[in-house]
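Residue numbers begin at 1 in each chain, while the letters A, B, ... track the order of the sequences.
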Protein chains: 2
Amino acid sequence: MLAARCRRAYLGAMGTHHHPINDTAALKDAARTQLIDRGEQWTEMRATVFEALATFDSPASAYDIAEEVSRRRGKRVAANSVYRILDLFVGANLARRVESANAYVANEHPGCLHDCIFLICDQCGKATHIDDDRLTAEVRDVASKAGFKAARPVIEVRGRCGECER
Amino acid sequence: MLAARCRRAYLGAMGTHHHPINDTAALKDAARTQLIDRGEQWTEMRATVFEALATFDSPASAYDIAEEVSRRRGKRVAANSVYRILDLFVGANLARRVESANAYVANEHPGCLHDCIFLICDQCGKATHIDDDRLTAEVRDVASKAGFKAARPVIEVRGRCGECER
DNA sequence: ATCGATAATGTAATGTTGTAACCTTGCACA
DNA sequence: TGTGCAAGGTTACAACATTACATTATCGAT
């Protein structure tokens with residue numbers, strides 16, 4: 001199962017590591033399990049939002065997602081409903097917010113709680129996700145040395161991805 | 001002069017360092033010089049926007065700034081005028097955008113081009129700015145190793161400042 | 001000094017992102 | 001059966017950002 005696998009990776013090494021790539025179905029299932037474990041419900045609506053989110057290949061705005069969910073459900077779903085669910089997902093580590101894009105991505109390894117690093121291409125808009133616990137620990141450390149209690153590091157690198165750079 | 005002083009600090013060491021604190025007048029003067037050096041005009045409007053920006057003690061939204069500028073000029077100044085000038089300032093390193101707050105802060109050392117790290121307090125809203133070239137270089141390096149050409153690292157730590165934590 | 005080119009700012013409208021308040025539905029369980 | 005609560009719907013609005021086009025200011029060339 002995804003979460004266990006990730007935990008192993010997380011505990012095993014403090015350096016950069018990778019997560020297996022998952023198809024949407026497995027990812028969705030992992031998300032469902034994760035949410036239920038937290039005592040939350042896995043409803044049709046939430047499932048649809050998660051699926052919609054997971055099928056975008058770039059960070060998607062809440063409005064993008066609302067549109068996709070509306071399409072899938074065959075009826076208009078308002079943005080604020082989507083926001084509620086996205087907030088829930090972010091809180092449960094099923095999704096992440098990309099601050100510099102006002103957009104969201106599915107967490108490829110639900111339940112893992114790394115601080116994460118996003119590389120966002122200004123050309124094609126795609127975001128890739130890196131885990132580097134040593135580096136994020138350093139960011140927290142620098143904050144801490146400044147007398148600041150870090151709750152949530154936001155590390156997002158804007159630039160050009162390999163594809164677009166070529 | 002500020003810029004020269006900063007350049008020395010920047011070239012001199014690749015580690016954490018600090019910049020002298022400046023009063024608004026000196027800061028404004030440094031900003032003016034910096035902008036003129038880039039072949040841009042230093043107009044009344046721009047001066048007012050810069051002053052307004054510099055007097056906020058937390059990151060200010062474009063609308064906050066528009067309001068303050070309106071007050072100072074005694075007539076309504078529209079948000080888009082402010083956005084234009086803020087974009088110019090950001091491009092000239094006179095100001096920075098805080099992505100996770102949709103807001104702007106004056107650059108305390110105009111003309112310096114560090115990647116910067118912000119610590120933003122979720123309680124009081126204040127942002128403090130840290131330069132740590134070693135750490136930001138590492139962030140760029142991690143991106144680079146992933147085949148990504150880093151243009152602009154966004155490193156913002158959300159949490160509690162020393163004041164609020166007490 | 002004035003003319004013309006260009007840069008800066010104004011005006012109005014609109015698009016996008018995010019929240020708040022309140023209502024309805026459906027389900028669990030006394 | 002009722003009643004309590006979580007999820008989601010509806011409506012309205014607040015906050016952030018951009019676009020297109022008109023007007024005014026600035027500056028260099030003459």
For this session: Identify whether the distance between the nearest side-chain nitrogen and carboxylate oxygen of A:Arg152 and A:Glu99 falls below 4.0 Å.
Result: yes

Exercise. When B:Glu51 is tested against each of B:Arg71, B:Arg32, B:Lys28 for salt bridge (Lys or Arg N to Asp or Glu O under 4.0 Å), which residue passes?
Worked result: B:Lys28

Exercise. Rounded to the nearest 0.5 Å, what separation is found between the CZ atom of B:Arg96 and the SG atom of B:Cys116?
Worked result: 4.0 Å

Exercise. Which side-chain hydrogen bond (donor to acceptor under 3.5 Å, both in side chains) pairs, counting each pair once, include a residue from residues 41-50 of chain A, with sequence neighbours left out?
Worked result: none

Problem set entry | Lys/Arg-Asp/Glu bridge criterion (N-O < 4.0 Å) met for A:Arg160, A:Asp122 | no

Problem set entry | Rounded (10°) bend between the five-pair end axes of the helix from C:dA1-D:dT30 to C:dA30-D:dT1 | 20°

Problem set entry | Euclidean distance, atom CG of residue B:Asn102 to atom C1' of C:dG15 [Å, nearest integer] | 15 Å

Exercise. Between A:Met45 (CE) and C:dG26 (P), how many Å, whole number?
Worked result: 16 Å

For this session: State plainly whether the residues A:Arg134 and A:Glu138 are in salt-bridge range, i.e. N to O under 4.0 Å.
Result: yes

For this session: Give A:Glu40 one of three labels, base, sugar-phosphate or nothing, depending on what nucleic acid heavy atoms sit under 4.0 Å from its own.
Result: sugar-phosphate

For this session: Tell me, please, the opening and closing nucleotides of DNA chain D, 5' to 3', among those with an atom under 4.0 angstrom from a non-hydrogen atom of chain B.
Result: D:dC16 to D:dT26

For this session: Output all residues satisfying side-chain hydrogen bond (donor to acceptor under 3.5 Å, both in side chains) with A:Arg73, sequence neighbours left out; order by chain, then residue number.
Result: none

For this session: Applying side-chain hydrogen bond (donor to acceptor under 3.5 Å, both in side chains), name anything that partners B:Glu163, two or more places apart in sequence or on another chain.
Result: B:Arg166

For this session: Could you tell me whether B:Arg46 contacts a base, only the sugar-phosphate backbone, or nothing, with contacts defined as non-hydrogen atoms closer than 4.0 Å?
Result: sugar-phosphate

Problem set entry | Which residues share a side-chain contact (heavy atoms from CB on, under 4.5 Å) with B:Arg140, sequence neighbours left out | B:Asp115, B:Ala150, B:Pro153

Seminar exercise, completed: Residues passing the side-chain hydrogen bond (donor to acceptor under 3.5 Å, both in side chains) test with A:Thr128, sequence neighbours excluded, are none

Exercise. By the rule that ILVMFWY residues connect when side-chain heavy atoms come within less than 4.5 angstrom, directly or transitively, which residues belong alongside B:Val98?
Worked result: B:Val105, B:Phe118, B:Ile120

For this session: Mind listing the residues from residues 62-81 of chain B sitting with a heavy atom below 4.0 Å of DNA chain C? Number order is fine.
Result: B:Lys75, B:Ala78, B:Asn80, B:Ser81

For this session: Return yes if the base of C:dG18 and the side-chain atoms of A:Arg84 contain a donor-acceptor N/O pair under 3.5 Å, otherwise no.
Result: no

For this session: Please report, rounded to the nearest Å, how far the C1' atom of C:dG10 is from the CD atom of B:Glu44.
Result: 17 Å

Exercise. Taking only residues two or more places apart in sequence or in another chain, which ones pass side-chain hydrogen bond (donor to acceptor under 3.5 Å, both in side chains) with B:Asp141?
Worked result: B:Lys145

Please enumerate all protein N or O atoms sitting under 3.5 Å from an N or O of nucleotides 28-30 of chain C, with distances to 0.1 Å.
none

Problem set entry | Rounded distance (Å) that lies between atom C1' of C:dA20 and atom CG of A:Asp87 | 13 Å

For this session: For residues 76-86 of chain A, pull every pair meeting salt bridge (Lys or Arg N to Asp or Glu O under 4.0 Å), keeping only residues two or more places apart or in separate chains.
Result: none

